[in-house]
Each structure stands twice: as C-alpha cells, then as structure tokens.
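In what follows, a single structure is set out as structure tokens and then discussed.
Just so you know, these numbers use all the heavy atoms, side chains as well, and skip hydrogens, waters and symmetry mates. Order of the sequence lines sets the chain letters (A, B, ...), proteins ahead of strands, with each chain counted from 1. Source: prediction; values computed, not measured.
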Protein chains: 2
Amino acid sequence: MTKTTRSRSTRQKTAIIAALVEADQFCSAQNLHARLQGYGERVGLTTVYRCLQGLTETGELDAIVASDGRTLYARCGQGAGHHHHLICRQCGASKPVMAAAVESWCAHLATQHGFTEVTHSFEVFGICPQCSMPTAAAT
Amino acid sequence: MTKTTRSRSTRQKTAIIAALVEADQFCSAQNLHARLQGYGERVGLTTVYRCLQGLTETGELDAIVASDGRTLYARCGQGAGHHHHLICRQCGASKPVMAAAVESWCAHLATQHGFTEVTHSFEVFGICPQCSMPTAAAT
DNA sequence: ATATCTGCAAAGACTTTGCAACCTT
DNA sequence: AAGGTTGCAAAGTCTTTGCAGATAT
C-alpha cells in the first residue's frame with residue numbers, strides 16, 4: 001500500500017472548478033453541467049458528478065444538501081477549514097462564515113448528552129441586500 | 001374563500017403517526033412504510049409520502065433532509081415550537097434541543113450582512129451513549 | 001351527497017454504476 | 001506503458017403524479 005493514488009489534472013476537472021468559481025454560488029451537478037455547456041466546454045454529466053464528489057472529499061469544495069434533496073457545491077477557498085455559509089435564497093450567492101460560538105455550543109451539547117463523534121449541519125439562509133432592494137433591482 | 005378545507009381523520013393517518021411515535025426516531029417514508037407493514041397495517045407507500053408531507057406542513061411533524069438527500073420525519077410534540085435535534089448517527093434516536101444562543105447568533109449574523117427573512121438549518125449528529133458503549137451492546 | 005383520501009401503476013428527477021476508449025504521468 | 005479518467009447508456013433510488021374507487025363528515 002505504498003501507492004499514493006494521486007489525482008490527475010485534466011481539462012474537465014479544471015473546467016468544472018473554473019465554472020464553479022465563476023458561478024460564485026452553490027450549484028447542483030446538473031446546473032453546473034449546463035453552465036459548462038454554455039461556456040462551450042464539453043464535459044459529461046457523469047464526470048461532473050464524479051468530480052464534484054471527489055473534490056468534496058478532498059476538501060477542495062464545500063457541499064450542502066438542499067431542502068429538496070439535491071446536493072449543491074461551491075468553492076470557498078481550500079484553506080478556509082471548517083466553516084458554514086450564509087446563503088441567499090434568491091440569487092444563491094453565499095458567504096462563508098466562521099461560527100466559533102456554534103461550534104463550541106455543539107461540543108458542549110454533545111458532551112452533556114454523552115454523544116461522541118459529533119458533527120453538525122448548519123447553514124443560514126436569507127435574502128441578501130441586493131435581492132431585497134426592489135428599488136435598485138430594475139436592471 | 002370561506003371553505004376551511006379541513007383534514008379528515010383516517011385509519012392511515014392515525015397509523016402513520018402511531019408508527020412514527022413508536023419508532024421514536026427520524027424515519028424515511030419508505031422505512032415507515034415498512035414498519036407499518038410489520039405492524040400488519042395496510043397503508044400504501046404513496047399515502048405515507050403524502051401524509052408525512054401534509055403533517056409536516058401542519059407542524060405536527062418535524063422533517064430533516066439527511067446527507068444522502070432523503071427526507072426523514074419524526075414527531076417531537078406539536079407544542080414544542082422551533083427547535084433543533086441531537087441525532088444518533090447509529091440508531092437514529094433523536095433529542096429535541098433548544099438553541100437560543102444559536103438562534104440569536106443567526107439573527108445577529110444576518111443583520112450584520114443585511115440579510116432578511118432569515119431561516120437556518122441546524123442539526124447535530126453523533127453517536128449516543130448506548131451506541132458508543134461496546135461492552136453493554138452485546139444483546 | 002360531496003369533497004377529501006387512498007393506492008396502484010406510471011412517470012419524473014437526481015444520482016450511481018458498468019465498461020471500453022482515452023489521456024495524464 | 002500503466003492506471004486514473006472520461007462519457008455513453010443503463011440501472012437504481014427516492015419521490016411525485018394521474019386517476020378511479022373508497023371514505024369521512
């Protein structure tokens with residue numbers, strides 16, 4: 001088991017990440033696939049699914065499960081470490097946020113109930129300033 | 001619009017809630033359907049899906065979306081109001097928890113970024129005391 | 001009596017898997 | 001050359017919808 005099985009750099013992988021960065025919001029695999037086609041990039045839907053999963057496991061992408069069950073992906077910068085998101089329900093834009101208070105609250109709660117191996121899901125949704133400003137949104 | 005369109009009380013609806021109470025954990029529609037069959041209750045899978053959705057909209061049930069995209073339901077008591085859950089990843093048992101600190105933190109964060117109509121998803125997962133005690137789990 | 005509810009079968013949506021050809025290292 | 005990678009097609013899951021018969025009020 002000395003094989004490192006490192007990942008290769010391919011046109012598809014590069015395009016997928018680029019499209020996600022360009023989108024600057026949480027996208028589903030299918031949505032991203034459509035965007036790629038829009039950019040003239042020829043990438044199979046299967047490849048999109050596989051790359052997104054792989055990149056998420058590597059920590060290069062963040063994934064959340066939407067309320068309709070679809071998995072959405074975004075790239076918040078790989079060095080960010082553990083964080084959560086403030087997501088606009090309207091335009092999909094997201095801001096990474098650190099929530100030390102929540103983290104410690106979780107740890108405390110878990111300990112209190114004797115739970116171990118604690119993880120948590122936590123995302124905040126709302127309407128961002130741009131989207132909630134009807135006056136200036138007439139473009 | 002004077003019609004109230006009130007929901008009817010049926011054998012199926014009753015059985016579904018009973019099964020969910022009996023289970024005392026977050027169940028998927030299919031899982032619940034299987035449990036009902038085990039109890040000898042004849043309820044269609046479609047009905048289970050529809051009832052769970054309806055009861056969730058009424059606030060009689062709580063629903064969460066698991067990381068695999070399935071929707072899970074549980075009954076935590078209708079008078080509970082807004083709350084979150086501490087869920088055992090192993091046995092599925094869940095404890096409702098109030099998280100005032102998290103709520104206010106969310107509100108604060110949202111305000112800070114100018115977001116409105118804020119909502120949030122927040123669930124804590126872990127391994128409960130029973131499940132993490134290998135010594136006594138031999139039954 | 002009537003509008004809701006139920007359940008079967010079919011359809012729909014998203015995601016995964018099999019496999020041969022392809023491309024990075 | 002070797003093995004990860006790609007993409008088409010097919011399969012798999014979970015969930016929703018159409019519709020006719022059954023049921024609660």
Validation row, ring centre B:His120 to ring centre A:His84 under 6.0 Å: no
Single-linkage hydrophobic cluster B:Phe115~A:Val124, side-chain heavy atoms < 4.5 angstrom: yes
Donor-acceptor side-chain pairing of A:His113 and A:His108 below 3.5 angstrom: no
Distance, rounded to the nearest Å, where A:Arg50 contributes CZ and C:dT15 contributes P: 15 Å
Test of ring centre spacing under 6.0 Å for B:His85 and B:Phe122: no
Sugar-phosphate only, base, or nothing, as touched by B:Ser28 at under 4.0 Å among non-hydrogen atoms: nothing
Quiz item: B:Thr46 side-chain donor-acceptor pair to C:dC8 base, under 3.5 Å: yes
B:Arg42 side-chain N/O to C:dG7 phosphate OP1/OP2 under 4.0 Å: yes
Residue A:Leu45, side-chain atoms from C-beta onward, closest of C:dC5, D:dC14, C:dT15: C:dT15
Between C1' of D:dT23 and NZ of B:Lys13, the distance in whole Å: 11 Å
Side chain of A:Val43 (C-beta onward), nearest among D:dT25, D:dG7, C:dT15: D:dG7
N or O in side chain of B:Gln53 less than 4.0 angstrom from D:dT15 OP1/OP2: no
For A:Trp105 against B:Met98, the heavy-atom pair lying closest together: CZ2-O, 3.5 Å
Phosphate OP1/OP2 of C:dG7: any B:Gln12 side-chain N/O under 4.0 Å: yes
Given D:dT5, C:dT15, C:dC5, the nucleotide with the shortest approach to the side chain of A:Tyr49: C:dT15
Proximal nucleotide (of D:dT5, C:dC14, D:dA24) relative to the A:Thr10 side chain: D:dT5
Heavy-atom donor-acceptor pair, B:Arg8 side-chain to C:dA3 base, under 3.5 Å: yes
Check: D:dG4 base within 3.5 Å donor-acceptor of A:Arg6 side chain: no
Residue B:Ser9, side-chain atoms from C-beta onward, closest of D:dG7, D:dT16, D:dT25: D:dT25
